[in-house]
Enquirer: 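To start, I am sharing the structure in question, which I have written as structure tokens.
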Amino acid sequence: MTRTQVTPIGIGVGAVAITTAMAITGCTTNGGAKGDSTQQGDGSTKTLVVDNAFDLKTSDPARSFEATGNVVDKALYETTVTFTGSDVTKPVPQLTTYAQSADDKTLTLTLTGKHIFSSGNPVTADDIVWSYQRVQGIAGNPSFLLQDPAGKNIEIAKTGSDTVTLTSSVPNSQLPYILPNTSLGILDAKTLEKHGGSSTKSDAAESYLNGNSAGSGPYQLSSYDVNSKVVFGPNPNYTGHKPAYGRVVLQNVLGPQQKINVQSNEAQVALNLNADQVQGLDSGSTRVVKDTSPNVFYLWFSQDPAISQGVTDKPQFLTAVRTGIDYDKILAIAGSGSIQPGGMVPSQFLGAIKPDVTNTTNKSSATAALASAGYKGQTIEFSYPTGTVVNGVDVGTIAQALQSQLQAVGISLKLSGSPSSTFSDAYRAGKLQSGITYWSPDYPDPADYLVFGPGGPLAKRTGWFADSDKNVTAAMDAAVSASGAPARGTAYAAWQRLMNAHSPFVPVVQPGQYLVTASSVSSIVANPVWSVDLATIE
Amino acid sequence: MSDEREEATAETTGAGRLPSPFLRYLGVRLAVSLLLVLGVTLVTFGLTNLVPGDPVAAALGERASSDPQIVAAFRQAQGLDRPLVEQYVVYLGHLLHGNLGTSIQTHNAVATDLAVAVPATAELALFVILLSVVLGIALGVLAALNHNRPPDQLIRAVSLVGISVPSFWLALALYYVFFFKLHLAPGTGRLDPAANPPPTVTGMYTVDALLAGQLDVFGDALAHLVLPGVVLTLYAVGLFVRFTRSAVLDVLGQDYIRAARAKGLPPGQVVFRYLLRGSLLPILTVVGLVFGSLLSGTVLTEQVFGWGGLGQYAFRASTSLDLPAIMGVGLIVGIVYIATNLIIDVAYGLIDPRVRVR
């Protein structure tokens, strides 16, 4: 026997195995051409596939406070008031109309129209009261939404057969802008109480809600896998405008694969592509809907003498930073659709301002300010969360750009990246000298940004307290007590101008955000609160 | 009466029958395995708590984490307000009742999450190991039998590529070429987006579909296995080829092989009855290691293909400091490796009588 005469059977077996697999692949799939199979039939049987990079934890509105959770709950639950399209400056009725008292302490909600849960039960004032009290009772992530500006739970009471009043201990002008949040979706109390639901801490309905929905929204849950896929089917009892797609599949897919999927019509919508990835997609088989994200990247510098090293707590140092940043280059890095916010309040919200002289690039001004701060080249530790990508922009990339820009005006930053959870822990403990992170709005109102004001939760982390700057504090108090949209807008604008000049926070960029759709999708609207309303996609 | 007669008498009469050496060995190994699993839980728990960072920071938003009441409620719900030793003891107590705790991220019981993730990974691992063992051993034997000739060199080059190419790059490249450009492969996930999974029996879609008689779903699930399977198979085949070739070359020069050939035995018989059997021990070792590694989840490949297996679950758990999930994953991975090693050790004895327990 010679070696070459031996023919291992395994090679043949392996070849057969591969051939069989590929034959099956060819027989059972159209490969990339999925469009026809998902688009057949009338609106009630059409399937829409939406790709999203999941951060989903739960579909229980009272516990959900993630971007993917917002998409899911928007489809399943109605709220008392809502926003139309992408306009978040004017709440409109959904389940109820609303009326605010003159002192902004009492908000009255009155049921309007006919709304029915997927179980067939009608939506009542009792359901609204129960749902809101459940959010407060569970004390989960979104429970702060139903606390007033003084930190007390808003009193929720049924005051008529169709009327609910929300009473705050202090003026609460922003409440109508908070109620559209998907975490405040109204649930079917009768159904949930049979499945362990309660408006107290003992609530045990989450596992039920993670497989069944109990809302009056256009869809209900067909299947739910928190790690891979959520499938929606129609709610036969929905009384609103019927969605164009009878079945929606929201699947967990990473960015690069989202691009491939939407180009091949494997998915009809991609939610997480960044500026680089959407290049060339606004033609042919795909469309790009470009918008500006409400997320604000910002820098902070500690005012705590024990941490600042006598550098970052100097007003002239902060001026040097503000005018030393090359905002145009930052926008170029962040990609098309990005803008520089004028203050901490995003451009889409009431009270937003444009950049002014305090946050416009001026290197000579930066150098002069640095000199008057007495800065002697000390190294400033600049922290950031690694692996954190927001609207396709890596926080670390912006940090590196800032390091080199500020180096050019004489400021020495030492980059100190750490995993997100470690970074958050240290940041919240107020141990970091400086850094960059981002703020994602809890609700679309400038009051959400009071956390950055003197004595606010985020300001305290930097050692900036209520008595640290009386002028800014006074402007903040004026904004809080302003009533009506025009007066509030003016007051918050004035507050932000003072923040730009005196606060330890430097807003840098709002990234662009992109919805990419297959050409079969004719209409889609982005929303700063819930990203996209699946029921309005056509 | 001599000891041997006493022993023989006892066995004959059935009185005080002694367990066989193999059973004694198995018993000892199982007992040691339990201690090892306990050690795994202790090490995993200790290391996770040594990592800087608070699960509160990962689980709660900025607003919620600023509210002491919400933070306190969260800590109490997760048992984080207790001393570490007490947390570990409570965990062990729950473990004895099959309770692996509740994931901070998914809000599901960890056991429920693992019941989905483990079969997903197991399905992929079994597909890969079957394919790669057949291919790898066959190619390794072929390479050894054609030592230093063109077939050997070609096979060695292919195996080098297999173990060198980064899996995430290969995954993306294959996805782009075969799915997007050539339309030969399906998209991400374990099934078509429009398809419903088969009724759950094992959690492996191919098996469950067959059991339910859903041939279309079986085909869809098998088709989705191909691309991620090829990515992982390339690496495994690369390893198996190298080990097999080396082991077979060691055996080829042995006298008993020469004797078998001299006796005029058919070439196939020489290869399968003498050559392979003689070189199987090191091959078995690497097969066990690779299988254990596959069963523990391959993060990058699962991420690219949206597989929803143990690798993805472990990655998400670790980056979000989801302690119960991390402990659950550590436990599963520990059990996988311990069980795999035990099976390999037993298989050693079956293959080679010289290493049997006496």
Side-chain angles (χ1 to χ4, degrees), chain A residues 1 3-6 8-11 13-14 17 21-22 24-34 37-38 47 49 57-58 63 65 139-141 143-144 201 206 210 225-229 249 251-254 256-257 260-261 263-264 266-267 419-422 424-425 428 442 451 457-458, chain B residues 52-55 57-58 60-67 69-70 73 105-108 113 116-117 131 134-135 137-139 141-142 145-146 172 175-176 179-180 182-189 192-194 216 219-220 222-223 226 261 267-268 270-271 303-304 306 308 312-313 319-321:
Chain A
M1 182 196 74
R3 292 184 191 133
T4 53
Q5 289 177 347
V6 176
I9 298 171
I11 294 175
V13 171
M22 297 306 287
I24 290 172
T25 303
C27 289
T28 57
T29 179
N30 291 327
K34 284 288 175 218
S37 66
T38 58
T47 298
V49 179
K57 290 184 188 172
T58 179
R63 293 178 165 90
F65 207 60
N141 234 335
S143 64
F144 73 92
K201 212 188 280 190
E206 184 182 10
N210 282 344
D225 182 332
V226 69
N227 290 310
S228 64
K229 192 162 67 172
V249 177
Q251 56 182 11
N252 184 8
V253 178
L254 293 181
Q257 286 88 297
I260 294 174
N261 284 354
Q263 284 181 287
S264 58
E266 173 84 359
S420 173
S421 52
T422 311
S424 295
D425 199 28
R428 291 170 188 176
D442 301 309
V451 294
L458 264 69
Chain B
D54 190 343
L60 297 181
E62 291 283 356
R63 289 277 200 167
S65 62
S66 303
D67 187 328
Q69 279 187 341
I70 297 178
Q105 287 299 302
T106 69
H107 297 203
N108 291 333
D113 284 341
V116 175
L131 200 56
V134 168
L135 269 179
I137 293 177
L139 290 175
V141 169
L142 185 64
L145 293 176
N146 290 277
L172 283 170
Y175 189 67
Y176 180 73
F179 166 67
F180 183 60
L182 300 179
H183 308 305
L184 280 179
T188 55
D192 189 85
D216 54 338
D220 188 21
L222 188 62
V226 171
R261 284 174 174 168
V270 172
V271 167
Q303 282 282 100
V304 170
Q312 259 188 312
Y313 186 71
T319 53
S320 55
L321 285 182

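In the text below, chain A, chain B and the rest are named by the order of the sequence lines, each starting its count at 1.
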Enquirer: Side chain, backbone, both or neither: which part of A:Pro419 has a non-hydrogen atom closer than 4.5 Å to chain B?
Expert: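 Answer is neither: A:Pro419 stays 4.5 Å or more from chain B.
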Enquirer: Just wondering, do A:Val49 and A:Glu266 contact through their side chains at under 4.5 Å, heavy atoms?
Expert: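 Side chain of A:Glu266 against side chain of A:Val49, heavy atoms only: no contact under 4.5 Å found.
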Enquirer: Can you tell which of A:Val226, A:Ile260, A:Asn252, A:Thr422 has the highest number of heavy-atom pairs within less than 4.5 Å of chain B?
Expert: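 Heavy-atom pair counts peak at A:Ile260.
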Enquirer: Using non-hydrogen atoms and a 4.5 Å limit, figure out which bit of B:Gln69 sits close to chain A: side chain, backbone, both or neither.
Expert: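 For B:Gln69, neither part sits under 4.5 Å from chain A.
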Enquirer: Using the salt bridge (charged side-chain N to carboxylate O under 4.0 Å, His left out) criterion, which residues pair with A:Asp442? Sequence neighbours excluded.
Expert: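 Expected list: B:Arg63.
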Enquirer: Counting heavy-atom pairs under 4.5 Å to chain B, which of A:Asn210, A:Asn227, A:Asp225 comes out on top?
Expert: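 Of A:Asn210, A:Asn227, A:Asp225, A:Asn227 has the most heavy-atom pairs under 4.5 Å with chain B.
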Enquirer: Please state whether the side chain, the backbone, both or neither of B:Tyr176 comes within less than 4.5 Å of a heavy atom of chain A.
Expert: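 Both backbone and side chain.
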Enquirer: Please classify the contact of B:Val304 with chain A as side chain, backbone, both or neither, using a heavy-atom distance under 4.5 Å.
Expert: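 Both parts, heavy atoms under 4.5 Å.
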Enquirer: Indicate yes or no for a side-chain donor-acceptor contact from A:Ser143 to the backbone of A:Gly140 under 3.5 Å, with no hydrogens or angles considered.
Expert: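 At least one qualifying donor-acceptor pair exists.
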Enquirer: Is it the case that the side chain of B:Asn108 and the backbone of B:Asp113 share a donor-acceptor pair, with hydrogens and angles ignored and the cut-off at 3.5 Å?
Expert: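 Not a single qualifying donor-acceptor pair exists.
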Enquirer: State which residues pass side-chain hydrogen bond (donor to acceptor under 3.5 Å, both in side chains) with A:Gln257; sequence neighbours excluded, sorted by chain then number.
Expert: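 Partners of A:Gln257 under the side-chain hydrogen bond (donor to acceptor under 3.5 Å, both in side chains) test: none.
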